[in-house]
Amino acid sequence: MDWWGYSETRGWVFLDRNIPCNAVGVKNKLLFIECNKERAYFEPWDQWAQPRYIAKNQYLNKLNQTQKEEALNELSKLQENIDLFRELSVYAFYDSCSGKHYNPFSLVESKSGLYTLYSAAWSRKKSEQSHNAHKEFINKTGKAYKGTSKITQAKKHRTTHCYNCQSKLDNSIDLECNACKWIICNCGACGCGWSSNYY
Ligand SMILES: [Zn+2]
Ligand SMILES: [Zn+2]
């Protein structure tokens, strides 16, 4: 279920109800997309009311015929970017999650055909985060950074838990370190920082 509306200060906004923080009944912070700027932002739930926000049809009904046509034109152009808006929502939601990162969109699967889109965006974000964490990790070891590669075939890591952060190694991150060929953990750790001291 999607909600489109108009904000006094931001113009057309989009609320993707499949994003967990936007689900019906969750009354914390809502994650909106400011359509013209292609930017995600959070808004306290209780601010989602008139006159700050007006639902699409109510807004259109307040306009005269010419204004209405213009507004509808603008909106239908923006709505062509809906996949991008969903992606931006996933990215912003990912950034707002602290601690363990699990894919929260498995529930969406049964409800809509959007699972692939959400899941791909989630993985992309996760991969990017691990990539950056790995760069930082290598810098701390003082070794040369040789980049990461996508794992082409499933590999077994030598331990089931990360020696660095103790978290369970997540196979959904399909990145390996080019130097040691270990799977890179969410925290960025790979074999380059491992020593027998960890055992
Ligand atoms: Zn780790
Ligand atoms: Zn490595």
Side-chain angles (χ1 to χ4, degrees), residues 16-23 26-33 38-44 83-199:
D16 185 337
R17 298 290 250 170
N18 287 318
I19 305 295
C21 59
N22 291 345
V26 180
K27 297 178 178 177
N28 187 12
K29 278 183 178 173
L30 295 172
L31 175 56
F32 284 92
I33 297 294
E38 297 180 358
R39 199 166 60 188
Y41 66 95
F42 283 93
E43 184 86 284
D83 284 0
L84 171 69
F85 296 159
R86 291 195 202 284
E87 274 178 20
L88 293 173
S89 301
V90 173
Y91 295 160
F93 178 67
Y94 184 99
D95 284 337
S96 75
C97 296
S98 53
K100 290 243 182 263
H101 288 76
Y102 62 96
N103 182 343
F105 292 99
S106 45
L107 288 171
V108 176
E109 188 167 24
S110 55
K111 285 191 269 173
S112 69
L114 293 168
Y115 175 71
T116 314
L117 189 152
Y118 291 126
S119 234
W122 185 264
S123 306
R124 231 178 352 261
K125 189 71 192 175
K126 199 165 178 174
S127 196
E128 180 194 302
Q129 188 224 341
S130 305
H131 180 90
N132 293 338
H134 180 242
K135 216 171 196 173
E136 231 170 80
F137 180 85
I138 295 293
N139 276 342
K140 277 187 203 147
T141 66
K143 293 185 181 173
Y145 176 68
K146 294 192 175 166
T148 60
S149 300
K150 281 233 160 210
I151 295 170
T152 42
Q153 63 197 46
K155 276 191 192 182
K156 266 208 158 170
H157 199 278
R158 56 189 296 172
T159 51
T160 50
H161 286 81
C162 171
Y163 65 85
N164 186 50
C165 71
Q166 312 307 322
S167 73
K168 232 181 159 178
L169 275 164
D170 185 344
N171 288 324
S172 69
I173 303 166
D174 49 355
L175 283 180
E176 69 175 26
C177 168
N178 286 345
C180 67
K181 305 291 176 193
W182 278 34
I183 293 170
I184 293 165
C185 174
N186 225 355
C187 72
C190 66
C192 294
W194 186 84
S195 80
S196 54
N197 297 339
Y198 284 103
Y199 279 129

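Whatever order the structure lists them in is the order used to number ligands and atoms, beginning at 1.
Scanning both residues, Tyr163 and Gly193, for their nearest heavy atoms gives OH-C, 3.4 Å. Pro20 and Val26 get closest at one heavy-atom pair: O-CG2, 3.8 Å.
When rounded to 10 degrees, the angle formed at the Zn ion (ligand 2) by SG (Cys180) and SG (Cys177) equals 110°.
Look at His134 and the Zn ion (ligand 2): no N/O/S atom of the residue is under 2.8 Å from the metal.
Protein nitrogen, oxygen and sulfur atoms, that is N, O or S, within less than 2.8 Å of the Zn ion (ligand 1) amount to 4.
Proximity of Leu88 to Leu84: side-chain heavy atoms (C-beta onward) are separated by under 4.5 Å at one or more points. Side-chain contact between Ile33 and Asp16 is absent, with no heavy-atom pair separated by less than 4.5 Å.
Dense packing is recorded around NZ of Lys125, with more than 12 heavy atoms of other residues, nucleotides or ligands lying under 6.0 Å away.
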Counting only pairs under 3.5 Å, give me each side-chain donor-acceptor contact of residues 131-142, with atom names and distances, residues two or more places apart or in other chains.
residue, atom, partner, partner atom, Å
His131, ND1, Thr148, OG1, 2.9
His131, NE2, Tyr145, OH, 3.4
Asn132, ND2, Glu128, O, 3.4
Thr141, OG1, Ile138, O, 2.7
Thr141, OG1, Lys143, N, 3.2

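Ring orientation note: the planes of Trp122 and Phe93 are tilted relative to one another, at an angle of 30° to 60°.
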